[in-house]
Amino acid sequence: MSAVALSYTAASILLAIGTGYRYGFDVMDMTGLPSGTVYPALRRLEKSGLIASEWEDEEIAQRDLRPSRKYYSITMAGDDSLEAALSRYPLLERLSSQLPQKSE
Amino acid sequence: MVPLVCRLLIVLASLAVPGPARKAWKQEWYAELSYRQRSGASLRYLLRSSTGAFRDASWLRSQTPFDFRFIKAPLRIESFAVIAALVICLWTSALFPVRPEFSHLDRLVRYDQHFMGAVNQSIWPPLLTNWRKLPDFEITTYRIRQLGPVRFGKVSPNFFDVLGVAEPAGRLLMAADNPHTAVITYRFWQTALHSDPRAIGKSFQANGQTFTIAGRLGPGFAFNGCSFFVPLRNETSLYAIALLKPGVSRQAAEAELNKMTKSMVPRWRYGGITLESLISPFTLTSCFMAAAIAFLGIAYLLLRYRKIALFTGARIAVGLLAVTAMNLATARPIGRFFWLLSLLQFWVYIGLCSAVVYFVLRDQRSRCPICLEHLRMPVPIGSWSSLILDRPATEYMCPSGHGALFVSEALHDPNQWTEFDESWRDLFAETTTN
């Protein structure tokens with residue numbers, strides 16, 4: 001599967017998810033983009049098959065007394081596209097090398 | 001708990017999200033906002049983030065091809081009736097009534113003759129002659145005409161006296177005036193004559209005809225959107241406004257007029273006469289709107305009690321009430337759309353009543369007759385190649401497991417409701433909880 005050409009914004013969102021920022025609001029914090037940009041981009045990336053979404057386990061959420069959250073993870077196709085995007089956007093590549101991997 | 005204002009924003013935005021995805025979409029936003037709030041995010045941050053939901057929702061909507069199912073909800077009768085009522089009320093500006101600045105407004109009445117459900121306001125000349133003889137009234141007549149784009153009124157000499165017009169500039173119309181003598185409105189003076197201070201005595205042209213200005217009315221005067229008024233001459237079809245003598249009630253005057261009319265008009269063409277106040281029925285409209293909204297609440301309560309007959313009956317009643325309220329709201333004596341409304345009102349009313357009944361019954365057919373929930377889970381069954389044993393159809397299930405509705409695609413094949421026993425309900429309950 002050929003890598004999907006991504007805009008800078010989409011690439012930075014994909015990078016955030018690839019780095020381990022799995023929730024919409026975490027991606028917002030990491031990229032500094034507003035929710036009105038991040039969420040439609042997440043939907044678009046998911047529709048293109050670059051990321052996949054899943055609901056958090058109910059038990060975990062119940063233990064923390066909160067509703068379960070939807071999290072996103074990068075797919076193999078997403079990895080390819082991210083790699084292509086990083087080579088296309090040198091600044092983003094430099095950022096990715098400095099970005100700490102988010103631990104859960 | 002997500003702050004109320006954020007929840008409201010999400011709910012509003014969710015209206016744009018396609019129905020099947022709406023629940024999960026809202027859950028995702030609530031979960032994120034809730035998590036952030038627990039993490040100590042400020043209200044400002046939460047509010048700013050919530051506004052992004054509108055963009056998210058509109059993107060989702062733009063990605064979903066139009067599906068007729070999504071407009072089912074607005075077509076449900078409560079929404080339909082209320083939206084229709086509001087739109088038409090606003091259209092006729094019934095919610096923002098014009099209260100004409102006539103000195104005798106409280107005693108002025110308009111003549112309405114009813115016949116076979118329609119209202120006719122033009123008065124039969126012999127009836128007018130006899131009406132003038134009754135002691136309780138002072139009658140004036142008028143006729144609205146159009147000269148190209150200009151609307152004007154032909155009025156009898158006592159027209160302004162009956163309405164009670166404040167001191168004009170110049171003079172009002174007199175019986176001896178020729179048909180080209182005009183009294184202009186303040187607005188016409190401002191717009192067409194550019195507020196000319198020496199306008200009185202001058203002439204102006206309207207669609208090729210010349211009129212001489214005798215006087216100018218005050219800024220508060222307005223009547224049926226007329227720009228000027230000329231003496232009434234040679235008109236066969238007249239409209240009447242009556243000024244009741246002090247102390248005479250509208251009901252008593254109406255009874256007196258009806259008594260006189262019955263002796264003159266053949267019974268077959270007599271449907272009664274009402275004298276309507278020139279004051280806009282704003283209070284009446286508000287009451288009916290409030291009543292309609294209260295009935296909507298009752299209809300929803302009936303839904304909870306799950307009584308099918310009462311429910312359907314109440315829905316029809318609510319719809320008809322809303323339409324009637326709307327009909328009353330549009331019955332305004334003075335207004336820009338008066339002529340159009342008097343023409344359309346009767347048929348619009350009948351049409352909307354029929355639409356109400358149609359939508360209620362249509363909606364009812366897609367509900368479970370036991371719990372009144374909308375039937376779901378459509379399953380296509382059968383095939384066109386096996387019409388005898390296996391007819392092509394769609395089967396809908398009650399979400400609570402009360403039964404299934406078989407809707408055949410073959411013409412003249414009636415729908416068939418099959419009720420399930422208790423064991424099915426347990427199965428459906430398990431499916432729901434899982």
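Atom set for the values below is all heavy atoms of this structure, side chains included, hydrogens, waters and symmetry mates excluded. So that the names make sense, note that chain A is the first sequence line, chain B the second, and so on, each numbered from 1. Note that the structure is a prediction, hence the values are computed from the model and not measured.
- No other option in A:P34, A:A41, A:P67, A:P40 has as many heavy-atom pairs under 4.5 Å with chain B as A:P40.
- Contacts of A:K70 classified as salt bridge (charged side-chain N to carboxylate O under 4.0 Å, His left out), with partners at least two apart in sequence or in another chain: B:E28.
- Across every non-hydrogen atom of B:S49 and A:S35, the tightest pair is O-OG, 2.6 Å.
- Under the 6.0 Å cut-off for aromatic ring centres, B:W59 and A:Y39 do not qualify, their centroids lying 6.0 Å or more apart.
- Applying the salt bridge (charged side-chain N to carboxylate O under 4.0 Å, His left out) rule to A:D79 yields no partners; only residues at least two apart in sequence or on another chain are considered.
- Atom OG in A:S68 sits 14.5 Å away from atom OH in B:Y30 (nearest 0.5 Å).
- For a heavy-atom cut-off of 4.5 Å, chain A lies close to B:L33, B:S34, B:Y35, B:R36, B:R38 in residues 33-41 of chain B.
- Legend: salt bridge (charged side-chain N to carboxylate O under 4.0 Å, His left out) pairs involving residues 46-58 of chain B, not counting sequence neighbours, sorted by first then second residue: A:R43-B:D56.
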